[in-house]
Each structure stands twice: as C-alpha cells, then as structure tokens.
Amino acid sequence: RASATRSRAPVLGNDTMKAGTTKVWRAYGAKHGVLALVAIPLKRAGTSVGMLLLCADTKDFFGEAVIPLLSELGADVSFALENSDKEHARHEALQEKMRGDAASSAKTDFLGHMSHELRTPLNAMLGFTQLLATDRFPVLAPRHAEWVRLINEAGWHLLGMVDDLMDISVIDS
C-alpha cells in the first residue's frame with residue numbers, strides 16, 4: 001500500500017506468498033486466500049486519500065499489460081470522488097440558500113404583520129387627535145391642546161418610521 005501511495009501508480013503483487021512480499025501482504029493473503037493483488041491509489045485534489053485493492057485467488061492473475069487500464073480505473077474513481085465532493089458542496093450551498101430564503105421570507109412576513117399591528121392603533125390615535133385638534137368648539141385647555149398636538153406629531157413620526165421599515169423590507173426582499 002505504501003509503495004502504491006508513493007508511486008501514485010498501481011502496484012502489482014502477483015504472488016503474495018513469495019519471500020520478498022511484506023509480512024502484511026503475506027498475512028492478508030494467507031487469511032483471505034489471496035495470491036495476487038493490485039493496489040490502486042485513489043486521489044482527491046492530487047492528494048492520496050485511499051486505495052482500491054483488487055484481489056485474486058490465482059497467482060500471477062494480474063499482468064503488466066493491465067497496468068494502464070488499472071491506472072485509468074484509479075483516475076476514473078478519483079475523478080468520481082472529486083465530483084462527489086463538488087456535488088456535495090453544491091448541495092450544501094443550495095441548502096444554505098434555501099434556509100436563507102426561508103429566513104428572509106419569515107422576516108418579510110413578520111414585518112408585514114407588525115406593520116399592520118402598528119398601523120391599526122396608530123390610525124385610531126391619529127384620527128382622534130385630529131378630531132380633538134379641529135373641533136369647532138374648543139373643549140381643551142390650551143395646555144391640553146398642546147399635548148394633543150405633540151401626540152399627533154409623535155404619531156405621524158411613528159407612522160413614518162413604520163413606512164420606512166416596510167420600504168427597507170421591500171428592498172431587502
């Protein structure tokens with residue numbers, strides 16, 4: 001495995017029981033009945049990330065002629081791994097966008113409801129202050145009339161703020 005990772009090319013082991021083979025391969029071969037194997041390195045973004053191991057129960061099963069084919073197989077599997085990473089990233093980005101859209105929609109709905117809830121009492125307040133200010137017969141003392149005028153101004157200011165908030169909400173959405 002280490003030699004396949006270092007060479008970045010498939011490594012043949014056509015006789016796992018021969019003397020030059022590592023103890024690990026001999027033990028693996030003896031335990032699983034493997035007499036020939038090929039270790040094909042798998043890469044992601046040029047970095048080794050694993051190994052594709054092909055095994056055979058026949059000595060000398062894999063010949064040197066299959067090395068180019070096995071190299072191509074390793075490249076194809078590596079390409080698929082990289083594409084799955086990219087697809088996963090695209091999927092995550094789409095999920096994040098959908099969460100952001102849902103949050104934005106919830107915010108817009110909230111602002112719309114809040115606007116309605118604020119406008120209803122504001123309209124009543126402004127209407128009554130206007131009635132008190134324009135009554136033909138002055139029923140309020142000058143001091144109270146000034147208070148009504150201040151309430152009316154504050155109400156219009158608050159209504160303007162609600163309108164500005166809705167404008168920002170519309171622009172944002």
Side-chain angles (χ1 to χ4, degrees), residues 1-11 24 28 31-32 37-55 68-173:
R1 175 182 160 173
S3 60
T5 302
R6 280 191 305 272
S7 73
R8 298 187 173 269
V11 173
V24 174
Y28 183 83
K31 181 177 181 182
H32 299 286
L37 55 87
V38 177
I40 305 168
L42 301 177
K43 299 170 223 146
R44 220 183 241 153
T47 303
S48 291
V49 294
M51 204 61 62
L52 177 62
L53 187 62
L54 302 178
C55 302
L69 178 64
L70 296 175
S71 291
E72 189 64 32
L73 174 64
D76 289 348
V77 172
S78 295
F79 180 75
L81 286 171
E82 287 184 26
N83 279 343
S84 73
D85 288 347
K86 290 174 186 172
E87 190 58 35
H88 180 71
R90 276 194 289 269
H91 178 72
E92 286 296 316
L94 181 61
Q95 291 293 319
E96 189 62 33
K97 182 185 180 319
M98 289 170 56
R99 283 191 290 272
D101 290 348
S104 180
S105 178
K107 179 181 72 172
T108 301
D109 289 347
F110 172 76
L111 289 174
H113 290 298
M114 283 308 296
S115 171
H116 175 74
E117 294 300 319
L118 289 171
R119 285 172 192 266
T120 301
L122 266 173
N123 285 331
M125 183 178 79
L126 290 172
F128 282 114
T129 58
Q130 287 172 347
L131 284 174
L132 285 170
T134 58
D135 198 342
R136 283 188 333 170
F137 303 105
V139 292
L140 299 174
R143 182 171 85 159
H144 295 141
E146 178 61 16
W147 291 351
V148 167
R149 187 188 68 72
L150 291 173
I151 292 170
N152 192 358
E153 282 182 20
W156 282 108
H157 179 70
L158 188 55
L159 188 59
M161 289 173 52
V162 169
D163 288 341
D164 290 347
L165 185 62
M166 288 309 298
D167 289 344
I168 290 170
S169 168
V170 167
I171 290 169
D172 189 40
S173 67

query: How many angstroms lie between CD in Gln95 and NE2 in His88, if you round to the nearest 0.5 Å?
result: 10.0 Å

field: Ser104 side-chain N/O to Gly100 backbone N/O, donor-acceptor pair under 3.5 Å
entry: no

Salt bridge (Lys or Arg N to Asp or Glu O under 4.0 Å) partners for Glu96, two or more places apart: Arg99

- request: Side-chain contact test, heavy atoms from C-beta onward, threshold under 4.5 Å: evaluate it for His144 versus Val148 and give yes or no.
  value: no

message: Tell me every residue that passes side chain to side chain donor-acceptor pair (under 3.5 Å) with Lys97, counting only those two or more places apart in sequence or in another chain.
response: Asp101

Please report, to 0.1 Å, the donor-acceptor pairs under 3.5 Å made by any side chain of residues 152-159, with sequence neighbours excluded.
unit_1: Asn152; atom_1: OD1; unit_2: Trp156; atom_2: NE1; d: 2.8
unit_1: Glu153; atom_1: OE2; unit_2: Arg149; atom_2: NH1; d: 2.0

query: How many angstroms lie between atom CE of Met51 and atom CD1 of Ile40, to the nearest 0.5 angstrom?
result: 9.5 Å

statement: dist Glu146:CD -> Ile151:CD1 (nearest 0.5 Å) comes out at 10.5 Å

Gap separating the CG atom of Leu118 from the CG atom of Asn123, nearest 0.5 angstrom: 11.0 Å

Contacts under 3.5 angstrom, residues 76-84 side chains, donor-acceptor by atom type, not counting sequence neighbours:
unit_1: Ser78; atom_1: OG; unit_2: Lys43; atom_2: N; d: 2.8
unit_1: Ser78; atom_1: OG; unit_2: Lys43; atom_2: O; d: 3.4
unit_1: Ser78; atom_1: OG; unit_2: Gly74; atom_2: O; d: 2.8
unit_1: Glu82; atom_1: OE2; unit_2: Ala45; atom_2: N; d: 2.8
unit_1: Ser84; atom_1: OG; unit_2: Leu81; atom_2: O; d: 2.7

- request: Kindly write out the residues that satisfy side chain to side chain donor-acceptor pair (under 3.5 Å) with Glu87, not counting sequence neighbours, or none if the list is empty.
  value: Arg90

task: For Arg143, enumerate each residue passing the side-chain contact (heavy atoms from CB on, under 4.5 Å) test, keeping only those at least two apart in sequence or located in another chain.
output: Trp147

message: Distance check, rounded to the nearest 0.5 Å: Leu165 atom CG versus Leu111 atom CG?
response: 5.0 Å

- prompt: What residues, two or more places apart in sequence or in another chain, satisfy side-chain contact (heavy atoms from CB on, under 4.5 Å) together with Ser115?
  reply: Arg119, Val162, Met166

